[in-house]
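Quick note: residue numbers are just sequence positions, from 1.
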Amino acid sequence: MKIYLVGGAVRDRLLDRPPGDRDWVVVGATQPEMEALGYKAVGKDFPVFLHPDSGEEYALARTERKSGRGYRGFVVDADPSVTLEEDLLRRDFTINAIACDEASGELVDPYGGVRDIEQRVLRHVGPAFVEDPLRVLRAARFMARFAPLGFTVAPETMQLMRQVADSGELDALVPERVWQELRRVLGSAQPSAFLRTLHDAGALGAVLPELDALYGVPQRAEYHPEVDTGVHQEMVSDIAAQLAPGDDLAGFAALTHDLGKALTPQAEWPRHVMHEQRGLEPLRALCDRLKVPLDHRQLAEAVCRDHLNVHRIDELRDGTVLELLGRCDGFRRPERIARIAVCCEADARGRLGFEDRPYPQGETLKRLHQAALSVQARDLDLAHLKGPAVGEALAQARIRAIAAAR
């Protein structure tokens with residue numbers, strides 16, 4: 001029996017990145033032998049064990065053979081005769097197919113992962129890459145994470161990704177798994193690389209057709225020098241990631257704020273009147289399909305519906321501002337308003353040449369929200385009022401507070 005550290009822990013060490021979870025592969029062992037040493041079996045589809053002290057995952061070296069459609073259609077062989085090189089061969093990218101003998105510090109790198117880390121290339125390990133459609137999503141997610149470090153997708157890997165997209169295998173992906181990958185992207189440093197990678201591979205239409213439809217849709221050049229709505233969306237997502245690092249709630253709302261522009265009749269291009277209202281239907285369809293959590297969905301709907309109102313908040317009447325805050329559930333969920341401000345700032349700055357422009361509307365929204373929030377029914381003399389009059393008195397008091405905070 002021999003044990004190696006594998007995968008992301010080795011990769012991130014070579015990239016001088018903070019270490020994450022550590023995964024181990026065990027060569028030359030059986031399940032009974034592992035259990036006799038105190039390891040707890042937890043794997044359903046293949047032999048994975050938890051270390052009796054550290055709780056870290058240890059998996060038996062294995063091979064996989066395609067047996068059906070989708071990313072679950074594999075037959076696993078974890079026989080003790082499986083070698084480390086055979087186990088590494090089944091992995092997705094060379095940068096994840098490096099093992100380390102922790103006792104000696106020796107790296108085992110049969111497929112050139114160290115070289116690709118040095119050259120900043122995301123490259124598939126072998127031709128079996130096309131057998132798992134999930135790897136197309138993983139490639140795009142890794143680009144969202146590593147593009148800021150200078151990584152690009154190897155041309156031959158991009159070709160295989162296009163092959164998977166053309167095969168229709170992406171249709172077999174379980175919606176919950178797509179959401180899981182997308183949610184991780186939204187907390188990454190450069191979400192635009194995810195969109196661009198899938199778009200270039202011809203895969204975005206199968207995974208997120210509502211977003212794929214934005215590419216090629218023109219906007220007014222005086223307001224959007226980048227013109228293409230898909231490019232605008234890439235820029236917005238990256239600005240949102242800068243403003244709220246790791247916040248997938250804000251990231252999702254920023255990602256879906258302009259879906260309505262894909263529904264603008266071509267005769268109306270490059271203007272997009274009512275795109276906020278038009279965007280709600282495709283947003284809800286996307287959320288239904290991927291089973292997006294309710295808090296993500298509600299924030300995204302608020303941003304989709306009201307981002308233009310926030311842009312012109314200085315022009316809104318005080319009562320209209322109060323209505324906006326109420327629609328966005330800003331009194332029951334006050335934390336939502338700051339996220340809406342982030343998304344609207346990302347929208348305003350996610351334009352060519354506007355990236356560093358100030359966005360005072362965001363601070364105005366938060367200031368007026370705090371002013372309205374400071375007025376509570378318990379602080380008012382409402383004893384002489386009944387029914388709707390109570391709510392009206394509270395609303396008027398909040399409107400006065402908004403006016404005073406201008």
Side-chain angles (χ1 to χ4, degrees), residues 11 64-74 88-97 111-113 115-117 119-175 177-182 184-186 188 190-217 226 228-235 237-238 255 259 262 286 289-290:
R11 176 199 67 219
E64 296 174 348
R65 176 172 53 83
K66 186 74 169 174
S67 61
R69 184 173 172 83
Y71 70 97
R72 291 178 173 173
F74 289 89
L88 295 175
L89 179 61
R90 68 173 176 79
R91 297 175 185 268
D92 46 12
F93 305 105
T94 60
I95 64 173
N96 296 331
Y111 306 109
R115 174 204 61 210
D116 286 340
I117 286 176
Q119 297 181 358
R120 297 299 194 257
V121 174
L122 187 68
R123 190 190 316 275
H124 66 285
V125 174
F129 178 89
V130 299
E131 296 178 353
D132 185 354
L134 185 62
R135 289 176 170 174
V136 174
L137 278 186
R138 283 173 56 81
R141 174 166 62 80
F142 277 125
M143 285 304 298
R145 184 178 178 186
F146 294 130
L149 301 180
F151 272 80
T152 59
V153 180
E156 61 270 28
T157 301
M158 178 60 74
Q159 184 57 43
L160 290 185
M161 292 169 65
R162 294 191 181 104
Q163 182 179 328
V164 175
D166 292 342
S167 73
E169 280 275 309
L170 291 170
D171 296 336
L173 291 174
V174 175
R177 190 59 191 267
V178 174
W179 169 248
Q180 181 182 1
E181 293 290 316
L182 177 59
R184 297 173 72 178
V185 165
L186 296 173
S188 65
Q190 193 173 325
S192 65
F194 174 84
L195 296 173
R196 175 57 59 179
T197 300
L198 289 182
H199 180 69
D200 289 349
L204 188 59
V207 179
L208 295 168
E210 298 85 356
L211 285 155
D212 189 59
L214 296 177
Y215 287 89
V217 175
E226 72 285 352
D228 191 300
T229 307
V231 175
H232 168 58
Q233 181 54 63
E234 292 179 7
M235 298 177 72
S237 289
D238 285 352
L255 179 73
L259 298 183
L286 186 156
R289 185 177 70 254
L290 299 187

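With rounding to the nearest 0.5 angstrom, the CE atom of Met158 is 9.5 Å from the CG atom of Leu122. Atoms CG and OG1, from Leu259 and Thr229 in turn, are 11.0 Å apart once rounded to the nearest 0.5 Å. Annotation: the span from Phe194 atom CZ to Arg138 atom CZ amounts to 12.5 Å, rounded to 0.5 Å. Residue Gln159 holds its CD atom at 10.5 Å from NE2 of His124, rounded to the nearest 0.5 Å. Note that the CG atom of Leu195 and the CD atom of Gln233 stand 6.5 Å from one another [nearest 0.5 Å]. Residue Arg123 holds its CZ atom at 4.0 Å from CG of Asp116, rounded to the nearest 0.5 Å.
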List, one per line, each side-chain donor-acceptor pair under 3.5 Å for residues 197-209, sequence neighbours excluded.
| residue | atom | partner | partner atom | Å |
| --- | --- | --- | --- | --- |
| Thr197 | OG1 | Ala193 | O | 2.6 |
| His199 | ND1 | Asp212 | OD1 | 3.2 |

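For the pair Val185 and Ala144, the tightest heavy-atom approach, listed with the atom from each and the gap, is CG1-CB, 4.1 Å. Taking all atoms of both residues into account, the shortest heavy-atom contact from Leu170 to Pro133 is CD2-O, 3.6 Å. Contact detail for Arg135 and Asp92: the closest heavy-atom pair is NE-CB, 3.6 Å. Minimum interatomic distance between Ala154 and Val121 (heavy atoms only, all atoms of both residues): CB-CG1, 3.7 Å. What you find for Tyr215 and Val231 is that their closest heavy atoms are CE2-N, 4.3 Å. Between Leu255 and Leu211, the shortest heavy-atom contact is O-CD2, 3.3 Å.
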| Could you go step by step and tell me if Thr152 and Arg120 meet the side-chain contact (heavy atoms from CB on, under 4.5 Å) rule? | CA-CA 7 Å; Thr152 59; Arg120 297 299 194 257; over 6 Å; no
| message | Checking Leu137 against Met161 for the side-chain contact (heavy atoms from CB on, under 4.5 Å) test, could you report, in this order, the C-alpha distance in whole Å, the side-chain angles of both residues, the deciding distance, and whether it holds? | response | CA-CA 9 Å; Leu137 278 186; Met161 292 169 65; over 6 Å; no
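Looking at Ser192, its side chain never comes within 3.5 Å of a backbone N or O of Asp238 through a donor-acceptor pair. Side chain of Arg91 to backbone of Val125: no donor-acceptor contact under 3.5 angstrom is found. A distance-only check finds no donor-acceptor pair linking the side chain of Thr94 to the backbone of Tyr111 [under 3.5 Å].
No hydrogens or angles considered: nothing links the side chains of Ser167 and Gln163 as a donor-acceptor pair under 3.5 Å.
Side-chain contact between His232 and Leu214 is absent, with no heavy atoms from C-beta onward closer than 4.5 Å.
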